Amino acid sequence: MDHFTYKNAELHCESVPLRAVADAVGTPSYIYSRAALLQSYGAYDRAFASVPHVVCYAVKANSNLGVLATLARAGAGADIVSGGELFRALRAGVPPKKIIFSGVGKTREEMRDALKADILMFNVESVSELRALDDVAREMGVRAPVALRVNPDVDPQTHPYISTGLKTSKFGVPIAEALAVYDEAARLTGVEVVGVQMHIGSQLTKTSPFADAGARIAALAKTLRERGITIQWLDVGGGLGIRYRDEAPPRHEDYAGVLVPMARELGVTVLIEPGRSIVGNAGVLLTRVLYRKATPAKRFVVVDAAMNDLIRPSFYDAYHEIRPLDAARTTAPTETVDVVGPICESSDFLAQDRVLPTMEEGDLLALMSAGAYGFAMASNYNTRPRAAEVLVDGAGYTIVRRRETYEDLVAGETMV
Ligand code: LLP
């Protein structure tokens, strides 16, 4: 997390002391580094520079308009999974011809909206969806550009909840059935086959699963060509992992290194759908210590952020490093604590049995690597307003989402 460093004994994001943001905006707050976003986007763009490609940022990882607009201006496309994400991507200025639509349960209304917007491609996940899309497109008098999401049955060696390319997964069309589905697609007049897609999982820390899966879908693309079905786009999904603790994910060049030769041989344009690796290490969650509490069994540090703000620790047992904003704290004697939020659930923790320097009430902490699937998975559980989001650029910052108010929370409700 190069853009979050201690300077003058205070944790900074770029040139902004995080304490200043906490004082002005309050806590909990998400803070993102513009430079970090552009660096990770640029790393993909450069790694795939030798072949035609589009980096379609996976909007689900962090859908804030400030983040999306920053990436769109840098040239990014978008990988969307809902009508809501289509709305956001268009609003943020992503060109429709750089938008791809993934997901197992697209509604007809979402299909219509995406066809109206004239997006690049639909990643279709089942025969039923293919037929529905064909129907909707014919009703509209257009042809929907499609890729089949092919499930290559490769173990991505990651958390089971975020593995998507195994044969037991709900995602994609099993590779053994793909040819038959492509044959049907080629006969439909409301769709036009343009690509092949895969996505095998998230937080991958090895290149070999990408290489195995890539080889399988590249072979499929070749067979399709031989049958006269033209494939212009090879969509290799997202999933490059990041360092949360001691992971050593592959470099962008190594990731591209296994996929570029396949793309070159096929003469296709590569689409990449990274989410976590673009925003994950570009963001932190700032929180303040409310109380210390000790029971005969445990020590707790109660903070003002909770599982509704960052659900990853409760949901996936995920590890987020915790740093005090005050560098002097880092040398305090350590203790083993649970860092917990105010929510009425025992699963409301941000860290368990963590060895940390002793924190005092009022201390400010940063939960690191929280830019991806942080705010995006936040909820209003316990009627907690969602956190503010701030985008830092050099020595300045912008509140890209104000903190929700209580009025926001009840705005759509009616008393009877
Ligand atoms: N494309 C598709 C079709 C996907 O399903 C996903 C993520 C991506 C791209 C982006 O993958 P990434 O580059 O971010 O690994 N909430 C979980 C992660 C869920 C990922 C779901 N799909 C977490 O917090 O770890």
Side-chain angles (χ1 to χ4, degrees), residues 30 37 40-41 43-44 47 54-63 67 71 76-82 85 89 99-106 121-126 129 147-152 156-166 169-173 195-206 209-210 213 217 234-245 247 249-250 252 255 259 270-283 285 307 309-320 350 367 369-379:
Y30 277 95
L37 287 175
S40 50
Y41 169 76
Y44 276 105
V54 186
V55 182
C56 294
Y57 166 65
V59 174
K60 65 169 81 66
N62 185 323
S63 57
V67 170
L71 293 169
D79 167 47
I80 59 163
V81 290
S82 69
E85 288 190 354
I99 297 179
I100 49 183
F101 196 169
S102 306
V104 288
K106 303 173 191 79
M121 179 167 99
F122 292 79
N123 291 334
V124 169
E125 302 224 9
S126 64
E129 184 198 335
L148 273 198
R149 174 167 177 175
V150 176
N151 182 336
Q157 299 166 44
T158 181
H159 191 289
Y161 284 14
I162 51 178
S163 298
T164 55
L166 287 168
S169 143
K170 72 173 177 180
F171 296 103
V173 173
V196 185
Q197 194 254 359
M198 69 176 197
H199 175 78
I200 52 175
S202 194
Q203 184 56 14
L204 270 70
T205 52
K206 294 195 181 108
F210 291 117
I217 66 161
L234 183 72
D235 181 341
V236 296
L240 195 57
I242 63 168
R243 186 184 183 102
Y244 286 100
R245 188 178 192 172
E247 301 89 338
H252 296 80
Y255 167 73
L259 299 166
V270 183
L271 300 171
I272 317 136
E273 309 168 359
R276 187 193 311 272
S277 47
I278 301 261
V279 277
N281 274 332
L285 172 60
M307 67 189 289
D309 300 300
L310 180 65
I311 203 173
R312 303 192 69 258
S314 319
F315 206 31
Y316 311 109
D317 206 17
Y319 179 97
H320 287 266
L350 298 169
L367 280 121
S369 311
Y373 307 110
F375 187 94
M377 294 179 81
S379 76

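Both counts, for ligands and for their atoms, begin at 1 and track the order of listing. Quick note: numbers below take in every heavy atom, side chains included, and nothing from hydrogens, waters or symmetry partners. Owing to the predicted nature of the structure, the values given are computational and were not obtained by experimental measurement. Numbering starts at 1 and runs along the sequence shown.
Contacts of Ala61 with ligand 1, taken as heavy-atom pairs under 4.0 Å, are absent altogether. At a heavy-atom distance under 4.0 Å, only side-chain atoms of Asp79, from C-beta outward, approach ligand 1. Residue Tyr316 touches ligand 1 through its side chain alone, judged by heavy-atom distances below 4.0 Å.
For ligand 1, none of its N or O atoms has an N or O atom of Gln197 under 3.5 Å away. For the pair Arg149 and ligand 1, the shortest N or O to N or O distance does not fall below 3.5 Å.
A donor and an acceptor atom, one from each side chain of Arg276 and Ser202, are located under 3.5 Å apart.
Near Gly238, meaning under 4.0 Å from any of its heavy atoms, are these atoms of ligand 1: 9 (C), 13 (O). Ligand-side atoms of ligand 1 in range of Pro274: 13 (O), range being under 4.0 angstrom from any heavy atom. Applying the 4.0 Å criterion to heavy atoms of Gly275 picks out, from ligand 1, the atoms 12 (P), 13 (O), 14 (O). Every atom of ligand 1 with a heavy atom of Gly239 under 4.0 Å away is listed here by number and element: 11 (O), 12 (P), 13 (O), 15 (O).
With respect to Glu129 and Lys106, a salt bridge is recorded, a charged nitrogen being found less than 4.0 Å from a carboxylate O.
When the options Arg276, His199, Met377 are ranked by their closest heavy atom to atom 8 (C) of ligand 1, first place goes to His199. The option from Glu273, Gln203, Arg312 that lies nearest to atom 3 (C) of ligand 1, judged by heavy atoms, is Glu273.
When the ring pair (Phe, Tyr, Trp, His ring centres under 6.0 Å) test is applied to Phe375, no partner is found at least two apart in sequence or on another chain. Every residue two or more places apart in sequence or in another chain that forms a side-chain contact (heavy atoms from CB on, under 4.5 Å) with Ser40 is listed here: Ile278.
Here the closest heavy-atom approach between residue Ile80 and residue Glu85 is recorded as CA-OE1, 3.4 Å. Residues His320 and Ala370 approach most closely at CE1-CA, 4.1 Å, considering heavy atoms.
Ring centroids of Tyr255 and Phe210 are separated by less than 6.0 Å, placing the two rings close together.
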